[in-house]
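Written out below as structure tokens is the structure these notes cover.
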Amino acid sequence: MGKRIIYMDHSATTYTKEKVVDAMIPYFTRHFGNPSSIYSIARESKQAIDTARAQVATALGANPDEIYFTSGGSESDNWAIKGVAYANRKRGNHIITTTIEHHAVLHTCRFLEKEGFTVTYLPVDRYGRVDPADLEKAITDKTILVSIMYANNEIGTLEPIPELAAIAQKHKVYFHTDAVQAIGNIPIDVKAQNIDLLSLSAHKLYGPKGVGALYIRNGVRIENLIHGGGQERKKRAGTENIAGIVGCGAAIELATADIAGHNARIRSMRNRLMEGILDTIPHARLNGHPTERLPGNVNISFEFIEGESMLLWLDDEGICASTGSACTSGSLEPSHVLLATGLPVEISHGSLRLTLGDANTEEDIDFVLEVLPKVVSRLRDMSPLYQKTTKDGGSHV
Ligand SMILES: *Cc1c(COP(=O)(O)O)cnc(C)c1O
């Protein structure tokens, strides 16, 4: 028998739900026609895309002709930012974003800086929240776009999007939000919330990988990112990923059907996990906002610990989690998000992110609450700094 796996990394990706896979399968086998063709099997593919587009539009409060399918969150972010930048460069060259965005946004902005655009990176407070007053102050007559994420993928903090978008609208500046982590967790209505562009990805909401969408409000001036054929109403070339698009539509419909019920269940497990860890493990601090956070997100830093070692020990117990530092080319890069909240580098290395989702149970929480304190104390027993500091009775937190 294989060992029991406890998956607590739903912000990295989710499994694809059975119902979603069932909806996709016929589009690999029976309904494989290219929707640009005119025979009847092609019409079936075209109808499937129309249905999926309507499902995504309904979930966001948008019109179907404002939804464009893409290869996922990264492409949607690239398209929104580069597309608006290039199409509006005569109006201005200034873009505003934040220091805690996903790399799909940050690296796109860095690229545009080399192309002659100026980017303001708004700071966040210790909880990871942007102050709307800072946005108001940063807008100039050269500003063409504001891009601020709905919910942060590392610390789970929710940004005050309706308030921020209203400020952009008042100054006639386009407002884009990366809502990849928020959809299915927060009710979103792009019209009521003054959102001009919104990125989403299917594999973060129990759909397949490699497909997502960009909502573009009718009237937004935007350049194409992928040039070629006339697909997606001449805005995004390439033969459609029909099965993926069907999966994206089915997944978003399921994910937004009962947000309140989903949140209540996940949040109650999350709170027990979060409080259990903070109550039993000393020298631990919660990252992100105590209440304004994604229902499934726990992010805690443990002093005197190295995150990667913690992950290996947890993996040994079948627990899948992630840490606040990524091992890139052999060196440990502290998370830009944790550093932006003011967390010292050495503490950010000892961060653990557990993200709960639909497959988790109360037994999973019990198991992590049993295993994690042992893992942390075992690692601390090996740390000379911890031995010394606890003898002195001191702590950084
Ligand atoms: C996962 C993620 C992305 C990237 O989406 P992909 O579909 O994997 O390209 C972008 N932004 C956020 C906030 C994410 O969590």
Side-chain angles (χ1 to χ4, degrees), residues 7-16 20 52 56 60 67-83 97-111 121 124 128-130 146-159 161 164 176-186 188 195 197-215 225-226 236 238 241 243-245 247-249 251-252 255 287-289 293-299 320-324 326 335-338 340-341 353-357:
Y7 187 75
M8 291 200 179
D9 205 15
H10 288 80
S11 279
T13 194
T14 56
Y15 63 97
T16 306
V20 173
V56 175
L60 301 177
I67 304 299
Y68 298 86
F69 288 107
T70 67
S71 65
S74 298
E75 184 188 327
S76 294
D77 285 344
N78 270 263
W79 185 12
I81 298 168
K82 290 176 193 164
T97 186
T98 78
T99 51
I100 61 160
E101 299 298 311
H102 189 273
H103 284 138
V105 168
L106 285 180
H107 291 172
T108 301
C109 288
R110 291 271 180 241
F111 168 79
Y121 299 88
V124 293
R129 296 262 288 184
V130 173
V146 175
S147 178
I148 300 181
M149 70 198 324
Y150 218 117
N152 184 270
N153 45 303
E154 291 188 34
I155 56 178
T157 298
L158 308 179
E159 299 301 335
I161 293 301
L164 296 164
H176 166 250
T177 186
D178 174 342
V180 170
Q181 294 287 339
I183 303 204
N185 294 307
I186 298 156
I188 294 179
I195 296 165
L197 303 112
L198 178 146
S199 302
L200 65 92
S201 178
H203 78 97
K204 303 284 176 78
L205 40 88
Y206 309 96
K209 291 169 185 57
V211 61
L214 180 64
Y215 153 77
L225 183 71
I226 311 284
R236 198 276 187 181
N241 172 8
I245 288 170
C248 184
I252 203 166
N287 296 309
H289 198 281
R293 68 190 298 136
L294 287 171
N297 177 289
V298 177
N299 189 315
C320 309
S322 71
T323 177
S335 143
H336 66 284
V337 175
L338 294 176
T341 65
R353 182 187 73 175
L354 299 163
T355 44
L356 308 186

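All residue numbers in this chain count up from 1 along the given sequence. Start at 1 and go down the list; that is how both ligands and their atoms are numbered.
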Do you know the tightest heavy-atom contact between Gly72 and Ser201?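 Smallest interatomic distance, heavy atoms only, reads CA-OG, 4.3 Å.
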
At less than 4.0 angstrom from any non-hydrogen atom of [X], what atoms of ligand 1 do you find?
X	answer
His203	6 (P), 7 (O), 8 (O)
Gln181	13 (C), 14 (C), 15 (O)
Gly72	7 (O)

Does only the side chain of [X] get under 4.0 Å from ligand 1, or the backbone, or both, or neither? Count heavy atoms.
X	answer
Lys209	neither
Ala104	neither
Asn152	neither
Lys204	side chain

Spacing of OG1 belonging to Thr108 relative to CD1 belonging to Ile81, to within rounding of 0.5 Å: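 If I round to the nearest 0.5 Å, the distance is 5.0 Å.
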
For atom 3 (C) of ligand 1, which protein heavy atom lies nearest, and how many Å away is it?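 Looking at atom 3 (C) of ligand 1, the protein heavy atom closest to it is His102 NE2, 3.5 Å.
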
Quick one: nearest non-hydrogen protein atom to atom 7 (O) of ligand 1, plus distance?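 Looking at atom 7 (O) of ligand 1, the protein heavy atom closest to it is Ser201 OG, 2.6 Å.
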
Quick check: [X] and ligand 1, any N/O pair under 3.5 Å apart?
X	result
Glu75	no
Asn153	no
Gly73	yes

Can you tell which of Val180, Asp178, Val211 gets a heavy atom nearest to atom 11 (N) of ligand 1?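 Shortest heavy-atom distance from atom 11 (N) of ligand 1: Asp178.
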
Please identify which of these residues, Leu214, Thr70, Asn78, meets the side chain to side chain contact (heavy atoms under 4.5 Å, CB included) condition with Leu225.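 That would be Asn78.
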
Can you classify the ring geometry of His107 versus His103 as parallel (below 30°), tilted (30 to 60°) or perpendicular (above 60°)?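 His107 and His103: parallel rings.
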
Would you call the rings of Tyr206 and His10 parallel, tilted or perpendicular, where under 30° means parallel and over 60° means perpendicular?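 Ring orientation of Tyr206 relative to His10: tilted.
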
Indicate yes or no for a side-chain donor-acceptor contact from [X] to the backbone of [Y] under 3.5 Å, with no hydrogens or angles considered.
X	Y	value
Tyr150	Ile188	no
His289	Glu159	no
Gln181	Gly156	no
Ser76	Ala213	yes

